[in-house]
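Report on one structure; see the data block that follows.
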Amino acid sequence: MGMASDIRITAEPVDAQRCKFLVDRPVSQGVRRFADRGEAAGSPLAEALFALPGVRELIVSGNLITVVKESPEAWQVAGKAVGAAIRQALSADAPPIADRPPATGAARVSDDELYERVNDLFEQQVNPMVARHGGRVELIDVQESIVMLRMSGGCQGCGMASVTLRQGIEGMLNQYLPEVKGIVDITDHMSGTNPYFASAKK
Amino acid sequence: MEAARRLPVDLTVASEQPSTFELARPDALLTLDFHDLDRAVQEARVFDTRFRLDAALGVDDDTVVIATAINRALGRPRNTIESAQAARDKLLQRSLLGSSRVPVPRFGLQMIGKDLETAAQRASFPCVLKPLRLSASRGVIRADTPAEFVAAVARLEAILKSTCDPEDHHALEYLVEDFVPGYEVAVEGLLVAGHLHELAVFDKPDPLNGPFFEETIYVTPSRHPQAEQADLVQCVEAAVHAIGLHEGPIHAELRYNQRGPWLIELAARPIGGRCSAVLRFGDGTISLEEIVLRHAVGMPLPSLERERNAAAVMMIPVPGAGVLEDFTGVDDAKRVPGVEDVVITAHRGETLVPWPEGSRYPGFIFARGEAPELAERAVREAHRRLHFNIRPAS
């Protein structure tokens with residue numbers, strides 16, 4: 001796919017555990033999530049990243065690679081190793097990410113179907129609740145059964161946003177749509193201008 | 001919440017204002033009246049009959065006493081209510097510590113509006129005025145002369161009358177205590193069956209000499225001599241025993257000078273939820289919250305040894321009084337080697353209030369490094385790259 005040194009990668013740490021790596025070329029078609037080393041087998045890029053210490057999860061979508069790690073190392077340090085692994089995998093001839101394995105066993109709910117169901121739940125139950133505090137929750141996407149959402153209004157930057165997310169929204173998803181495997185909040189909470197509750201003092 | 005998910009432990013979050021999800025998630029969210037201890041305990045009892053509670057944990061000064069009372073009501077005693085109250089009440093705490101010969105600053109109790117001139121003349125200078133009912137150094141003012149004392153009381157009166165519950169007869173009380181010179185540290189610990197496990201000693205490299213006492217940087221491990229650190233931890237141990245704490249997390253603020261350690265504050269809770277992110281244990285993947293939660297529900301404790309790396313957190317100083325119009329430089333600050341995160345918790349349009357009237361930091365910077373100097377340098381450099389645009393409040 002090219003010389004390793006030609007590949008441009010921009011790292012955008014989300015927090016101490018998550019960092020997005022934006023690559024200047026496509027890495028995969030569609031979305032692949034790798035929850036462990038076993039799932040990475042057959043995908044050279046995922047194998048290389050799981051070989052790094054502390055890597056816990058990967059989500060690869062187009063030219064975006066989100067790495068989740070457990071190690072305490074700062075992204076300024078860990079990111080260099082991730083970048084090197086990405087460059088090496090993309091420089092090889094083999095496709096960096098293998099095609100998704102065919103589904104086995106019971107029929108799995110597609111992401112499109114799940115999107116509809118989550119959207120219904122958000123519009124009919126979740127949003128009327130958060131609206132009482134001037135908030136709104138927008139469903140951005142469902143990828144690999146993982147729900148991506150964005151909060152706005154009173155929820156954006158709210159001191160209780162994580163409680164709303166985990167104890168409220170995630171709990172309701174678990175209760176009504178057990179097919180949902182996880183939830184990712186992509187809200188820029190630092191840009192909130194009207195949070196319902198102030199953040200913690202310390 | 002993340003620690004509970006990781007363990008896993010079923011968590012119920014209690015708050016004094018209802019969550020909009022409480023009806024939909026009655027096992028996960030609970031409203032308690034934090035101003036009425038008996039009522040809160042009764043509400044928790046009712047909850048326990050529907051969804052069993054194994055333990056209650058307070059996360060700040062206000063909720064520690066309630067959590068203690070709930071644990072006792074549910075037959076799962078950890079600390080006595082009296083000890084939790086002593087950890088909450090500055091006057092009671094100092095009285096108990098003083099009578100147990102734990103070194104505390106000399107102190108006296110005053111009330112706004114009473115005997116001001118006499119109090120100003122009798123005070124030994126320099127002294128520090130501390131309102132009984134406020135936290136996070138809000139309203140804490142140093143005075144070096146009788147005139148400064150009078151001015152400080154006037155300022156404190158305005159703060160208390162704008163913030164405190166008028167029905168609370170202690171609301172207008174304040175301590176006048178000797179200013180203790182020396183360096184300041186914070187000690188984080190966990191009490192297990194009465195034994196204090198030291199979790200971290202934080203240096204506070206910026207001098208806290210007043211006139212106001214806004215915190216800035218915490219760095220661990222401490223760079224002070226080992227013998228002095230041992231003295232400080234021993235002082236904390238004496239303090240927890242003096243007020244009768246037996247189980248759970250503690251956070252203590254101390255000073256050290258040529259006369260040894262001085263206990264300034266002791267709380268029966270962990271360090272604040274934002275700042276706690278700086279602490280990791282064992283192989284670096286265990287959080288303080290996980291340790292506290294494990295201990296609360298009786299799960300086996302992992303290593304209580306802090307990770308090898310040094311760590312620092314900066315509570316970003318309030319850059320000035322006024323309305324926060326905008327801030328820039330966050331991405332640039334995050335690029336400083338060693339910096340792990342920069343979080344601005346103040347929102348655009350928020351009115352920023354400096355100490356002593358204020359008590360809320362506009363954000364936090366976290367860094368790690370091989371040595372404390374490196375972690376401290378990283379948070380300072382990151383802070384230098386942040387810019388806040390503030391307009392005067394109308």
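Letters A, B, ... are given to chains in the order of the sequence lines, protein chains preceding strands, and every chain is numbered from 1. Keep in mind that this is a model prediction, so the values were computed, not measured.
At a 4.5 Å heavy-atom cutoff, the contact between B:L11 and chain A is made by backbone and side-chain atoms alike. Heavy-atom distances place the side chain of B:F327, and not its backbone, under 4.5 Å from chain A. Contacts of B:P362 with chain A are absent, with no heavy-atom separation under 4.5 Å from either backbone or side chain. Within the 4.5 angstrom heavy-atom criterion, atoms from both the backbone and the side chain of A:M190 approach chain B. Contact of B:E22 with chain A is not made at all, since no heavy-atom distance falls under 4.5 Å. For B:S15, the part sitting under 4.5 Å from any heavy atom of chain A is the side chain, from C-beta outward, and nothing else. Proximity to chain B (any heavy atom under 4.5 Å) is shown, for A:Q125, by neither the backbone nor the side chain. Only the backbone of B:V336 comes within contact range of chain A, with at least one heavy atom under 4.5 Å from a heavy atom of that chain.
Comparing A:A11, A:G157, A:G54, A:S191 by how many heavy-atom pairs each has under 4.5 Å with chain B, the most go to A:S191. Ranked by heavy-atom pairs under 4.5 Å with chain A, the first of B:E350, B:R5, B:R280 is B:R5. Of the residues considered (A:N194, A:I169, A:T193), A:T193 shows the highest number of contacts with chain B, using heavy-atom pairs under 4.5 Å. The choice from B:V343, B:V342, B:D60, B:V339 that makes the most heavy-atom pairs within less than 4.5 Å of chain A is B:V339. Heavy-atom pairs under 4.5 Å with chain B were tallied for A:P128, A:G168, A:A131, A:G192; the largest tally goes to A:G168.
For CG of A:D36, the number of neighbouring non-hydrogen atoms (other residues, nucleotides, ligands) closer than 6.0 Å is greater than 12. For A:E138, the CD atom sits in a packed shell: over 12 heavy atoms of surrounding residues, nucleotides or ligands are nearer than 6.0 Å.
One finds no salt bridge joining A:R87 and A:D6 here, because no Lys/Arg side-chain nitrogen approaches an Asp/Glu carboxylate oxygen to under 4.0 Å. A:E123 and A:R136 are joined by a salt bridge, as a carboxylate oxygen and a charged side-chain nitrogen come within less than 4.0 angstrom of each other. Using a 4.0 Å cut-off between charged side-chain N and carboxylate O, B:E2 and B:R6 make no salt bridge. For B:R368 and B:E307, the salt-bridge test passes: some basic side-chain N is under 4.0 Å from an acidic carboxylate O.
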Take A:L49 and A:F34, measure what side chain to side chain contact (heavy atoms under 4.5 Å, CB included) needs, and give me the verdict at the end.
-> CA-CA 10 Å; A:L49 291 174; A:F34 301 92; over 6 Å; no

Would you please test B:E381 and B:R335 for salt bridge (charged side-chain N to carboxylate O under 4.0 Å, His left out) and show each step?
-> CA-CA 10 Å; B:E381 173 57 23; B:R335 279 194 281 272; over 6 Å; no

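Judged by a 6.0 Å distance limit and a 45° cone about the ring axis, A:K80 is not positioned over the six-membered ring of A:W75.
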